[in-house]
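Quick caveat: nothing in here was measured; it's all calculated off a predicted structure.
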Amino acid sequence: MAIGIFDSGVGGLSIAQQVRTLLPYEDIIYLADSGHAPYGEKSQHYILQRCTTIIQCLIDKGATLVVIACNTATVSAISALREMFPIPIVGVEPGVKTAVKNCKSGVVGILATTQTLKSAPFQQLAQRFSNKIKVEAQACPGLVEQVEALHLTDHKTQVLVAQYVQPLLNKGADHLVLGCTHYAFLAPVIKIVAGPNVSIINTAIPVALEVARRLDIEGLASASTAAGGECFFSSGEQDLAHRQFNALWGKAVKVETF
């Protein structure tokens, strides 16, 4: 038994890291669909097709619970995927609730992909809090590609981050919600642009807690007291995949082709 985790690329490793920290005895299978990234500019139909293929692959490899560690895939396809597959599927969504709860300025900013912001689930999420707070959304084309290329702090990344963050600051946002798991790896740059008085909201810990809860409810939690193992797969170019995983996971790992 294993926890299957996937994303359009390596951004979901930010979720996988928290799952590993919280659940040290569980096996993890991570699949990066980098060869088809970014999902944020793809159609809903295309995203559903990719997710269907990937989840079946994870099940075939032993996954008994799957985490869609991608905001775009979650809002585009999770309802249909839960109807298609018999195992628990955990998704991610922007941490708007947390931001709204702690907001003092009356404005919350959300950084996300184009497809996430266009989706009906996101619109409904934002509308849910519109009577309490003003939710300002900012599409961020290009940021996923910068993370996939491991350009986490270079000049182009800094320029793009400033281009997307500054309009939200100008509108008065005191919380910035990271609406794409890739953006977690850009949090240091985002924080520099946003300044010390703006909070950055990442949903990795709440997602990991939900995974632990679902494993317990479904009776799927490991009874082992030995450290869980990890398997990594990528549909992207293999030399780059190894560099990505070694850099972002924090240690040298083997990455197999998907």
Side-chain angles (χ1 to χ4, degrees), residues 1-21 23 26-43 46-74 76-78 81 85 87 89-92 113 115-116 141-154 157 178 180-186 204 207-208 211 228-258:
M1 297 193 300
I3 299 169
I5 304 174
F6 78 93
D7 180 28
S8 61
V10 293
L13 286 172
S14 60
I15 301 289
Q17 287 168 338
Q18 292 298 332
V19 171
R20 168 50 70 231
T21 298
L23 300 167
E26 301 292 341
D27 291 335
I28 292 174
I29 305 169
Y30 185 92
L31 196 155
D33 197 22
S34 296
H36 299 266
Y39 284 179
E41 311 303 319
K42 302 290 198 306
S43 71
Y46 183 91
I47 293 167
L48 178 59
Q49 284 186 317
R50 291 305 304 162
C51 290
T52 302
T53 299
I54 291 166
I55 291 177
Q56 187 58 60
C57 176
L58 289 171
I59 291 173
D60 292 343
K61 294 180 183 301
T64 54
L65 177 148
V66 168
V67 181
I68 305 177
C70 174
N71 293 81
T72 299
T74 297
S76 298
I78 194 168
L81 293 167
F85 294 99
I87 67 171
I89 298 177
V90 175
V92 296
T113 67
Q115 187 62 39
T116 293
L143 288 188
V144 168
E145 291 89 336
Q146 291 299 99
V147 175
E148 288 287 308
L150 296 178
H151 296 158
L152 306 183
T153 59
D154 72 0
T157 298
L178 304 184
C180 172
T181 53
H182 280 79
Y183 301 169
F185 293 110
L186 301 177
V207 172
V211 170
E230 296 112 23
C231 297
F232 299 98
F233 298 86
S234 175
S235 64
E237 194 273 317
Q238 284 301 293
D239 286 343
L240 175 59
H242 280 91
R243 287 189 283 115
Q244 290 171 326
F245 279 80
N246 291 346
L248 300 179
W249 189 249
K251 64 180 181 181
V253 297
K254 179 182 179 182
V255 183
E256 299 181 52
T257 301
F258 162 66

Side-chain heavy-atom pair D33, Y39 within 4.5 angstrom cut-off: yes
side-chain contact (heavy atoms from CB on, under 4.5 Å) between L31 and I5, intermediate numbers included: CA-CA 6 Å; L31 196 155; I5 304 174; over 6 Å; no
Nearest non-hydrogen partners of S8 and A37, listed with the distance: O-CB, 3.2 Å
Euclidean distance, D7 CG relative to T181 OG1, rounded to 0.5 Å: 4.0 Å
Stacked cation flag K61 on F233, 6.0 angstrom / 45 deg: yes
Any side-chain heavy-atom pair of L152 and L186 under 4.5 Å: yes
Side chains of V10 and F232 in contact at under 4.5 Å (non-hydrogen atoms): no
Shortest non-hydrogen separation from A32 to G9 and the atoms involved: CB-O, 3.3 Å
Point-to-point distance, once rounded to the nearest 0.5 Å, from CD of E41 to CD of E145: 7.0 Å
Q238 and T257: CA distance, side-chain angles, deciding distance, side-chain contact (heavy atoms from CB on, under 4.5 Å) verdict: CA-CA 7 Å; Q238 284 301 293; T257 301; 3.3 Å; yes
Spatial distance of atom CD1 (I59) from atom CG (L65) [nearest 0.5 Å]: 10.5 Å
Stepwise side-chain contact (heavy atoms from CB on, under 4.5 Å) check, I54 with L58: CA-CA 6 Å; I54 291 166; L58 289 171; 4.1 Å; yes
From F258 atom CZ to H36 atom NE2, the distance as rounded to the nearest 0.5 Å: 7.0 Å
Pairwise distance CG(D239) to CD(Q244) - rounded to 0.5 angstrom: 11.0 Å
Side chain proximity check, C51 to F6, heavy atoms < 4.5 angstrom: yes
Side-chain donor-acceptor contact under 3.5 Å, D154 with T157: yes
Whether F245 and Y30 hold their rings parallel, tilted or perpendicular, with breakpoints at 30° and 60°: perpendicular
4.5 Å side-chain heavy-atom contact, T113 and H182: no
Non-hydrogen atoms of A16 and I28 that approach each other most closely: O-CD1, 4.1 Å
Side chains of L150 and L248 in contact at under 4.5 Å (non-hydrogen atoms): yes
Atom of A77, atom of L48 and distance for their closest heavy-atom approach: CB-CD1, 3.8 Å
Interatomic spacing from NE2 in H242 to CD in E237 - rounded to 0.5 Å: 10.0 Å
For N71 against C180, the heavy-atom pair lying closest together: OD1-CA, 3.2 Å
Close side-chain approach of V19 and E26, heavy atoms under 4.5 Å: no
Contact check, side chains of V92 and I68, non-hydrogen atoms, under 4.5 Å: no
Flag, side chain of D27 to backbone of G229, donor-acceptor distance under 3.5 Å: yes
Least distance between heavy atoms, S34 atom then E148 atom: OG-OE1, 2.8 Å
T74 side chain vs G91 backbone, donor-acceptor pair below 3.5 Å: no
